[in-house]
Amino acid sequence: MSQGNASSAASEGGSYSDKSKPQMIRMSNIAAAKAVADAVRTSLGPKGMDKMIQGSRGEVTITNDGATILNLIEVLHPAAKMLVQLSKAQDIEAGDGTTSVVVIAGSLLSACERLLSKGIHPSDISKSFQTAAAKACEILDGMSTPIELTDRDSLLKSATTSLNSKVLSLYSARIAPIVVDSVLAVADTVNQSVDLNDIKLIQKLDGTVEDTELFHGLVLNKKFSHLASSVDFQANAKIALIQFCISPPKTDLDNSVVISDYAQMDRALKEERNYLLALVKKIKKSGCNVLLIQKSVLREAVSDQALHFLAKMKINVVRNIERSEVEFICKSLGCKPVAHIDGLTPDAMATAELVEEVRLGSSKVLKFSGVEKAGKTCSIIVRGSSKLVLEEAERSIHDALCVVRCLVKKRALIAGGGAPEIEVALRLAEYANSLVGSTAYCTRAFADALEVIPFTLAENAGLNPISTVTELRAMHQQGTRSAGINVRKGCITDILDEDVVQPLLVTTSAITLASETVRSIMKIDDIVTVR
């Protein structure tokens with residue numbers, strides 16, 4: 001149909017009929033994005049399946065975290081990449097619900113497909129979905145329960161719910177208190193914010209997940225480079241973090257030094273020795289007895305001869321500190337990184353009652369206790385029997401930390417188990433009855449699309465999804481707002497009695513971000529490739 005015919009059909013009150021190319025582009029975008037949503041759909045909920053992803057180099061990852069799955073798989077279609085970015089956005093905003101947000105987006109796209117086939121204009125669909133998403137957030141606010149950070153039980157329930165859909169579900173009673181305590185230890189309650197960079201996760205390959213522990217302060221996955229006094233601890237430690245090298249200077253890559261006889265060689269070695277000895281004496285004079293040395297790229301950070309001198313001076317050395325760890329160490333100890341030997345003053349150093357090596361299985365870690373100017377930081381030592389378990393345990397703990405962080409940012413809880421989605425779907429359908437025209441159709445389609453979450457939860461739990469969702473809808477119509485799918489018992493129960501709760505921010509963020517992405521995809525009518 002030509003553009004003139006299309007506009008005349010629309011103006012005569014008929015349905016909107018698009019030109020063939022934009023219609024094909026839209027259907028192609030919708031199909032590609034839905035394929036991504038279908039790929040992660042089976043991972044939703046406590047009974048969701050894991051995905052084993054093998055990289056090009058043979059490395060294997062086992063996870064059911066939506067953001068991790070989408071980050072690892074290679075996506076080529078530009079519309080499908082939008083869903084990968086959507087999952088990352090949800091991970092940054094809320095930390096949890098990364099699978100849910102993609103599944104909701106896929107369901108909304110299916111709804112768009114049906115609405116387009118009815119002849120509704122994409123702009124009308126986009127505008128209606130924006131209004132419906134705002135209304136959904138209002139409904140969720142209305143059914144939420146305010147909490148305080150002093151309510152430890154509610155925080156524990158929320159963290160446990162997050163862990164129940166992960167590999168760590170068996171250890172949730174052990175991990176949840178660690179997660180809650182660590183977030184509360186670093187939380188800025190005045191500004192209602194939590195910087196998760198203040199919580200360091202350390203992987204130790206030995207033992208079981210149950211051996212995971214929380215330490216308030218600094219733990220380094222290192223050990224002393226030598227034992228200054230044949231002991232593995234240092235009492236009344238004066239700690240310095242240096243960023244310069246304690247090794248002989250080297251020439252540039254383009255230059256070289258040619259030594260032609262033994263006298264010159266002896267002189268060069270003597271100069272190197274004097275240079276290192278002068279540096280070590282200055283370090284000893286400053287009062288430092290625990291020296292942390294940052295890793296160097298250009299040359300060796302500390303030479304064997306320097307280590308020998310430092311051992312003679314009774315100075316314990318921890319070498320190869322990563323650049324990314326410097327900020328956390330400085331905040332934890334209250335010290336300053338020293339870039340030149342002249343800057344090594346008592347003001348730049350930290351004081352601790354004890355620095356000790358602690359054996360964990362077959363390896364050791366360094367713990368810093370009784371730090372005088374300690375910052376608000378903590379370390380979680382994650383244990384596991386294999387590398388795959390360790391990595392998934394770290395991702396699970398990170399998600400649980402994000403859930404508790406959500407409660408610090410927005411202090412409200414809602415029921416889980418598909419209860420909020422079905423309640424929003426019912427209330428939006430009622431709201432749609434008060435509207436007229438295409439807006440009513442679109443709002444009703446938005447409401448129906450949200451039922452995909454309880455439907456998928458039931459499907460992944462091995463229940464009959466149609467009868468389960470029908471029963472759930474009936475209970476909500478009778479006024480039981482907290483009725484949800486109990487995947488353990490395989491029936492519909494009051495989900496609050498089962499302590500299945502989640503932060504309000506996770507669900508509102510998922511619905512808002514999913515609707516924004518779908519609206520963006522609906523607005524696209526052509527793909528132009530530029531070389």
Side-chain angles (χ1 to χ4, degrees), residues 1-7 9-10 14-44 51 53 66-67 69-90 98-130 132-133 438-439 441-453 455-456 510-531:
M1 183 186 277
S2 69
Q3 190 173 357
N5 292 340
S7 58
S15 63
Y16 171 77
S17 178
D18 206 346
K19 288 183 286 187
S20 58
K21 189 183 178 184
Q23 190 175 1
M24 280 171 56
I25 294 291
R26 275 197 192 91
M27 290 307 166
S28 166
N29 289 347
I30 289 170
K34 278 169 66 181
V36 171
D38 290 339
V40 297
R41 190 174 163 181
T42 53
S43 300
L44 184 69
K51 300 277 188 277
I53 303 160
I69 294 167
L70 294 178
N71 196 33
L72 291 173
I73 62 175
E74 192 173 348
V75 179
L76 298 175
H77 198 285
K81 284 180 181 175
M82 290 176 74
L83 259 68
V84 176
Q85 290 160 4
L86 165 68
S87 186
K88 284 181 183 174
Q90 174 73 3
T98 51
T99 308
S100 303
V101 73
V102 176
V103 171
I104 290 170
S107 183
L108 288 173
L109 286 167
S110 296
C112 289
E113 205 170 6
R114 292 191 295 272
L115 291 168
L116 285 170
S117 65
K118 286 180 180 176
I120 299 174
H121 195 281
S123 296
D124 292 341
I125 298 171
S126 177
K127 190 177 179 182
S128 301
F129 274 21
Q130 182 182 7
S438 61
T439 310
Y441 268 113
C442 297
T443 307
R444 198 171 289 112
F446 189 96
D448 292 342
L450 292 178
E451 290 187 3
V452 72
I453 297 293
F455 190 93
T456 307
I511 291 175
T512 306
L513 291 173
S515 63
E516 281 179 5
T517 303
V518 170
R519 285 173 55 223
S520 299
I521 292 172
M522 289 306 298
K523 289 276 190 179
I524 298 166
D525 74 340
D526 201 356
I527 296 174
V528 181
T529 307
V530 181
R531 288 186 180 178

Shortest non-hydrogen contact from A32 toward A80: O-CB, 3.9 Å
Please report the interatomic distance CD1(I30) to CD(E113), rounded to the nearest 0.5 Å. 5.5 Å
Side chains of T42 and K51: any donor to acceptor distance under 3.5 Å? yes
Between the CD1 atom in I104 and the CG atom in L44, the distance rounded to the nearest 0.5 Å is 9.0 Å
Does D124 reach the side chain of T439, with side-chain heavy atoms less than 4.5 Å apart? no
When every non-hydrogen atom of A514 is compared with those of A105, the smallest separation belongs to CB-N, 4.0 Å
If every non-hydrogen atom of S128 is compared with every non-hydrogen atom of C442, which pair is closest and at what distance? CB-CB, 3.3 Å
Does any part of the side chain of V518, heavy atoms only, come nearer than 4.5 Å to the side chain of L109, both counted from C-beta? yes
What one should report as the nearest heavy-atom pair of I521 and A33 is CD1-CB, 4.2 Å
Over all heavy atoms of both residues, which pair between A111 and A449 is shortest? Give the atoms and the distance, please. CB-CB, 4.4 Å
Quick one: are I527 and N29 in side-chain contact, heavy atoms under 4.5 Å? yes
From the list L450, D448, T456, side chain to side chain contact (heavy atoms under 4.5 Å, CB included) partner of V452 resolves to T456
Evaluation steps, side-chain contact (heavy atoms from CB on, under 4.5 Å), between R26 and I524: CA-CA 7 Å; R26 275 197 192 91; I524 298 166; over 6 Å; no
Side-chain contact test, heavy atoms from C-beta onward, threshold under 4.5 Å: evaluate it for R114 versus Y441 and give yes or no. no
F129 side chain reached by L115 side chain, heavy atoms, under 4.5 Å: yes
Rounded distance [0.5 Å steps], NZ in K81 versus CD in E74: 8.5 Å
Does L116 reach the side chain of M27, with side-chain heavy atoms less than 4.5 Å apart? yes
Please report the interatomic distance CG(L108) to OG(S110), rounded to the nearest 0.5 Å. 9.0 Å
Could you walk me through whether I511 and F446 satisfy the side-chain contact (heavy atoms from CB on, under 4.5 Å) test, starting with their C-alpha distance in whole Å, then the side-chain angles of each, then the deciding distance to 0.1 Å, before giving a yes or no? CA-CA 10 Å; I511 291 175; F446 189 96; 4.0 Å; yes
So which heavy atom on L83 is nearest to which on L70, and how close? O-CD1, 4.0 Å
Could you check if a side-chain atom of Q90 sits within less than 4.5 angstrom of a side-chain atom of S100, using non-hydrogen atoms only? no
State the NZ-SG distance between K34 and C112, to the nearest 0.5 angstrom. 10.5 Å
Side-chain touch S123/K523, heavy atoms, less than 4.5 angstrom: yes
